Amino acid sequence: MGACAMVILLTALFFQPFVQPSKDITSMIAAEVAKNHIKMRPMEIKSQSMEAIQQYFTELDFVPMESQRFSLPNSNLIGGRYCSIQGVMAAQLRYKDTNNQWVTLYETQYDQTVFPHLPHTEKGEPPLKAYHSGLEIEIWVEKGLLMVSAQPASYSL
């Protein structure tokens with residue numbers, strides 16, 4: 001009887017790290033993105049041209065794109081840099097609006113095993129929203145890419 005209980009306990013402990021509800025991944029992504037947004041590390045490419053941005057990110061397994069979901073009126077693409085989301089290489093694209101506020105869009109290849117149960121906006125599912133460090137974080141999947149935006153919480157997309 002004790003051996004059976006020990007096997008069940010060890011099995012539960014072994015498999016627990018592999019089973020995480022989407023809320024946990026949402027919190028982890030929000031915390032990481034907020035931290036990177038606040039750090040504002042120097043951009044590696046400065047350009048208002050999405051074409052130039054796309055040509056710069058040659059180390060990615062995807063081409064950064066303009067999101068249909070993410071658009072800020074009166075904002076300008078400023079540039080970008082390489083980064084990662086949960087250990088997966090990503091593009092960090094920075095925008096600045098007419099109020100001089102920074103808005104960041106993170107893009108990476110969507111892998112359901114790494115980022116489980118995230119909404120696909122093309123299927124009509126709304127993005128997940130989280131708030132961290134005074135920022136509003138939105139998370140969604142679009143055209144095979146995981147997209148995450150970060151902006152001051154007073155903003156609304």
Side-chain angles (χ1 to χ4, degrees), residues 17 19-157:
V19 179
Q20 296 179 340
S22 62
K23 185 175 182 179
D24 288 343
I25 193 70
T26 301
S27 298
M28 292 186 309
I29 291 171
E32 182 177 16
V33 163
K35 179 180 170 185
N36 285 331
H37 177 86
I38 291 167
K39 274 187 180 178
M40 283 288 160
R41 288 191 172 150
M43 288 181 279
E44 296 164 357
I45 178 171
K46 292 181 180 180
S47 177
Q48 294 183 350
S49 162
M50 181 54 85
E51 185 178 326
I53 297 287
Q54 290 170 333
Q55 290 174 2
Y56 174 78
F57 285 102
T58 59
E59 298 298 314
L60 299 173
D61 292 335
F62 64 94
V63 176
M65 61 168 219
E66 292 184 28
S67 168
Q68 297 296 329
R69 156 88 191 68
F70 175 83
S71 67
L72 290 171
N74 303 316
S75 67
N76 294 309
L77 177 64
I78 301 298
R81 63 174 287 112
Y82 283 100
C83 69
S84 66
I85 299 175
Q86 298 299 297
V88 179
M89 190 181 292
Q92 182 186 97
L93 307 178
R94 289 203 198 134
Y95 296 80
K96 205 167 201 180
D97 71 8
T98 54
N99 294 323
N100 221 21
Q101 295 286 322
W102 288 105
V103 180
T104 310
L105 178 65
Y106 300 81
E107 300 183 7
T108 192
Q109 193 72 41
Y110 176 63
D111 180 342
Q112 189 172 354
T113 59
V114 178
F115 308 109
H117 312 295
L118 295 178
H120 292 250
T121 56
E122 295 162 316
K123 295 178 183 177
E125 300 169 343
L128 297 174
K129 281 191 181 184
Y131 296 88
H132 196 284
S133 302
L135 298 172
E136 180 179 276
I137 311 295
E138 291 195 341
I139 303 168
W140 71 97
V141 177
E142 181 181 341
K143 296 183 181 174
L145 298 180
L146 169 64
M147 305 251 181
V148 184
S149 65
Q151 62 263 336
S154 61
Y155 268 57
S156 173
L157 289 179

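None of these values were measured; they are calculated from a predicted model.
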Please lay out, stage by stage, how L145 and M65 fare under the test side-chain contact (heavy atoms from CB on, under 4.5 Å). CA-CA 9 Å; L145 298 180; M65 61 168 219; 3.7 Å; yes
Using every non-hydrogen atom in the two residues, find where [X] and [Y] come nearest and quote the distance to one decimal.
{"X": "C83", "Y": "A91", "value": "SG-C, 4.2 Å"}
{"X": "A150", "Y": "I137", "value": "CB-CD1, 3.7 Å"}
{"X": "M43", "Y": "W102", "value": "CE-CH2, 4.4 Å"}

Checking the side chain of [X] only, and the main-chain atoms of [Y] only, is there a donor and an acceptor separated by less than 3.5 Å?
{"X": "E32", "Y": "Q86", "answer": "yes"}
{"X": "E125", "Y": "H120", "answer": "yes"}
{"X": "D111", "Y": "T113", "answer": "yes"}
{"X": "R81", "Y": "P42", "answer": "yes"}
{"X": "T121", "Y": "G124", "answer": "no"}
{"X": "Y106", "Y": "H37", "answer": "yes"}

Can you tell me if E59 and Y82 form a side-chain donor-acceptor pair at under 3.5 Å?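 Absent: no donor and acceptor within the cut-off.
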Is there a donor in the side chain of Q151 and an acceptor in the side chain of Q101, or the other way round, less than 3.5 Å apart?
->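 Result is no, nothing qualifies.
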Return the [atom1] to [atom2] distance between [X] and [Y], rounded to the nearest 0.5 Å.
{"X": "S149", "Y": "E136", "atom1": "OG", "atom2": "CD", "answer": "7.0 Å"}
{"X": "E66", "Y": "E51", "atom1": "CD", "atom2": "CD", "answer": "11.0 Å"}
{"X": "I85", "Y": "Q92", "atom1": "CD1", "atom2": "CD", "answer": "9.0 Å"}
{"X": "S47", "Y": "Q54", "atom1": "OG", "atom2": "CD", "answer": "10.5 Å"}
{"X": "K46", "Y": "L77", "atom1": "NZ", "atom2": "CG", "answer": "13.0 Å"}
{"X": "I139", "Y": "I29", "atom1": "CD1", "atom2": "CD1", "answer": "4.5 Å"}

Please tell me if the side chains of [X] and [Y] come closer than 4.5 Å, counting only heavy atoms from C-beta onward.
{"X": "T108", "Y": "M89", "result": "no"}
{"X": "P119", "Y": "V141", "result": "no"}
{"X": "I45", "Y": "Q55", "result": "no"}
{"X": "R94", "Y": "V103", "result": "no"}
{"X": "I38", "Y": "L135", "result": "yes"}

May I have the step-by-step check of side-chain contact (heavy atoms from CB on, under 4.5 Å) for Y95 and I78, ending in yes or no?
CA-CA 5 Å; Y95 296 80; I78 301 298; 5.7 Å; no
Q: Starting from the C-alpha separation in whole Å, work towards a yes-or-no answer on side-chain contact (heavy atoms from CB on, under 4.5 Å) for T26 and M28.
A: CA-CA 5 Å; T26 301; M28 292 186 309; over 6 Å; no
Hey, mind stepping through E142 and W140 against side chain to side chain donor-acceptor pair (under 3.5 Å) and telling me if it holds? CA-CA 7 Å; E142 181 181 341; W140 71 97; 3.0 Å; yes
Could you go through V114 and V88, starting from their C-alpha distance and side-chain angles, then the distance that decides it, and tell me whether this counts as side-chain contact (heavy atoms from CB on, under 4.5 Å)? CA-CA 9 Å; V114 178; V88 179; 4.0 Å; yes
- prompt: Given the side-chain rings of F62 and Y110, with only the six-membered ring counted for Trp, is the space between their centroids under 6.0 Å?
  reply: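 So the answer is no for these two rings.
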| Does atom CD of E122 have more than 12 heavy-atom neighbours, drawn from other residues, nucleotides or ligands, at distances under 6.0 Å? |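 Yes, CD of E122 has more than 12 neighbouring heavy atoms, counting only those of other groups under 6.0 Å.
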